[in-house]
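Here is the structure we will look at, set down as structure tokens.
Residues: numbered from 1 along the sequence shown. Indexing begins at 1, ligand by ligand and atom by atom, following the structure's order. Worth knowing before you read on, the calculation uses all heavy atoms, side chains too, and leaves out hydrogens, waters and symmetry mates.
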Amino acid sequence: MTGWWRIITKTPDKLQVSFATELPPGARAIAASSAVAEDLLAKIGEHDFKNEPEQVLPILTDGGWRVLVGFGDLAKLDTACLRRIGGQIFAELKDVGITRLGLQLDLAPAQLAQLIYGMRLRAWRPAAHYRQRPDDEKVWHLKQIIGLTDAPGAAAACFERLDKIADAVHFARDLVVAPANYLTPKSFLDLVGEIKGVSLEVVDPVKAGLHLLQAVGQGSAFPPALAILHYQGGGKAAPLALVGKGITFDTGGIDIKPRLHLEEMKGDMGGAAAVAGALMALAARRAPVNVVGLLAIAENMVSGCAMRPGDVVKGFAGQTVEIIDTDAEGRLVLADALAYAAARFKPSVMIDLATLTGAVEITLGFERAGLFTADDRLASSLFAAGEAEDEKLWRLPLTDRYDDALASPIADLRNCTWERGPDALHAARFLQHFVPEQVPWAHLDIAGLSEAQEDGPLAAEGPTGFGVRLLDRLVSDLYESAP
Ligand code: BES
Ligand code: ZN
Ligand code: ZN
């Protein structure tokens, strides 16, 4: 790929991390023993440092910068909390002038690795090449972290895996932030084709009978495609299938969206980005599993050859769909991708991720993604993975109660209703019609989570990479934990 629009996904400002027993010359230290903290607090007099978890207080002393980090009750510190503390430390210290930072904390090696992982997750910004001059707000000096521990080997071994997952989370963010003239269906395919350890197969929707995917993409100058990412790490076992909505831009189609914040629809491929990121992480850490990632890639445009409201389209599964609203396109592309994945790969489990509905934001806000499944065990595994990774889910109803809303006077189904109603639930039920009953399947509506409205501990405002950590954790819980 050449040209000024090339997407750079390997950011040169990656935080360098190492572990050592002693601080190399030139690195500033954080001292965290309570004795040191108390001494400093006594010196500064009035303060609001309450040693609460995630509280970070930088202090400029005559000996240089000292930073107090609140840990609260050490016994209550879980992994998610350590990461959040790390993320907050990064946010506080990234631009105070420190380049190399030593961390001397009363933590076990694995805990130290988790805390630094939180720093790495937070240390992401859009690639510099989208602007001529750097954004002052997003310039940071902090480049290198040295974790001080008696067991640097153990900490480094633990961090090695986390570092790969952080790379994959950042890759997903790079994809979501990329403008739609950079990330076209074509360049999306090129980029996911570069993921190491994963092979890419591109399926032509017309040849494969994926007419719903074709219909959504037919108005664009770039042809739609089903990208299949194959990762083979688990012998002959049936694969886990991960399916992602990859609409590189959602204008709404002929039912065009209002113009306010329409630019945000460049991120309507957050589900596909999460799936691509998950495969990148699993391949990089050589997870002992078989996974197929299916990205339903299309651009939903307004044009003379765009699909129309009222069109009836027969999808891969054979059912016909009356397109009521061309803006309810995500469920169309996913219906084909899910049906295709189930028929071809006979997966042991199938999970789709999609920025599917505005309605889920109204239902759950920006704290949790919608989880829909008929399988209670899959629901609890996903819920637990979400809690552990701070990528939280909440289960919502998936029932045939909504079939009336999806009944069409002319076709087998319609893609949505004009009645006021729970559209996120209708969309999930719509998808269920395309998944064979025997396949354990879950649908995650991540519309409110793929991009953050405000700064959080592990991601600043902007793309979050939501789903990468969740899927990686799910795989390790389901397939890698000791019996
Ligand atoms: N991509 C949108 C959903 C979305 C909205 C994602 C806001 C992220 C933020 C989806 O394709 C869509 O437009 N859904 C419609 C469905 C409606 C026409 C039934 C919606 O939510 O309005
Ligand atoms: Zn739409
Ligand atoms: Zn959409």
Might you work through the side-chain hydrogen bond (donor to acceptor under 3.5 Å, both in side chains) test for Thr320 and Asp412, ending with a clear yes or no? CA-CA 5 Å; Thr320 56; Asp412 295 322; 3.2 Å; yes
Donor-acceptor pair, side chain of Ser220 and main chain of Gly217, under 3.5 angstrom: no
Could you please spell out the steps behind the side-chain hydrogen bond (donor to acceptor under 3.5 Å, both in side chains) verdict for Asp325 and Trp418? CA-CA 9 Å; Asp325 192 320; Trp418 285 120; over 6 Å; no
Would you say Trp394 has more than 12 foreign heavy atoms packed within less than 6.0 Å of its CH2? no
Nearest 0.5 angstrom please: Arg429 CZ to Leu413 CG, how far? 9.0 Å
Residues, nucleotides or ligands: over 12 heavy atoms within 6.0 Å of Lys164 NZ: yes
Measure from every N or O atom of ligand 1 to the protein's N or O atoms and keep only the pairs below 3.5 Å, writing each with atom names and distance to 0.1 Å.
residue, atom, partner, partner atom, Å
ligand 1, 1 (N), Lys245, NZ, 3.3
ligand 1, 1 (N), Asp250, OD2, 3.2
ligand 1, 1 (N), Asp268, OD1, 2.9
ligand 1, 1 (N), Asp268, OD2, 3.0
ligand 1, 11 (O), Lys245, NZ, 3.2
ligand 1, 11 (O), Asp250, OD2, 2.9
ligand 1, 11 (O), Asp327, O, 3.0
ligand 1, 11 (O), Glu329, OE1, 2.8
ligand 1, 11 (O), Glu329, OE2, 3.0
ligand 1, 13 (O), Lys257, NZ, 2.7
ligand 1, 13 (O), Asp327, O, 3.1
ligand 1, 13 (O), Asp327, OD1, 2.7
ligand 1, 13 (O), Asp327, OD2, 3.1
ligand 1, 21 (O), Gly358, N, 2.8

Identify which protein N/O/S atoms are less than 2.8 Å from the Zn ion (ligand 2). Asp250 OD2, Asp327 O, Asp327 OD1, Glu329 OE1
Candidate pair Arg120 and Asp167, rule salt bridge (charged side-chain N to carboxylate O under 4.0 Å, His left out), full reasoning: CA-CA 9 Å; Arg120 262 227 68 202; Asp167 285 342; 2.9 Å; yes
Distance only, no hydrogens: is a donor on one side chain within 3.5 Å (strictly under) of an acceptor on the other, for Asp255 and Thr326? yes
When the aromatic ring centroids of Tyr130 and Tyr182 are compared, is their separation below 6.0 Å? yes
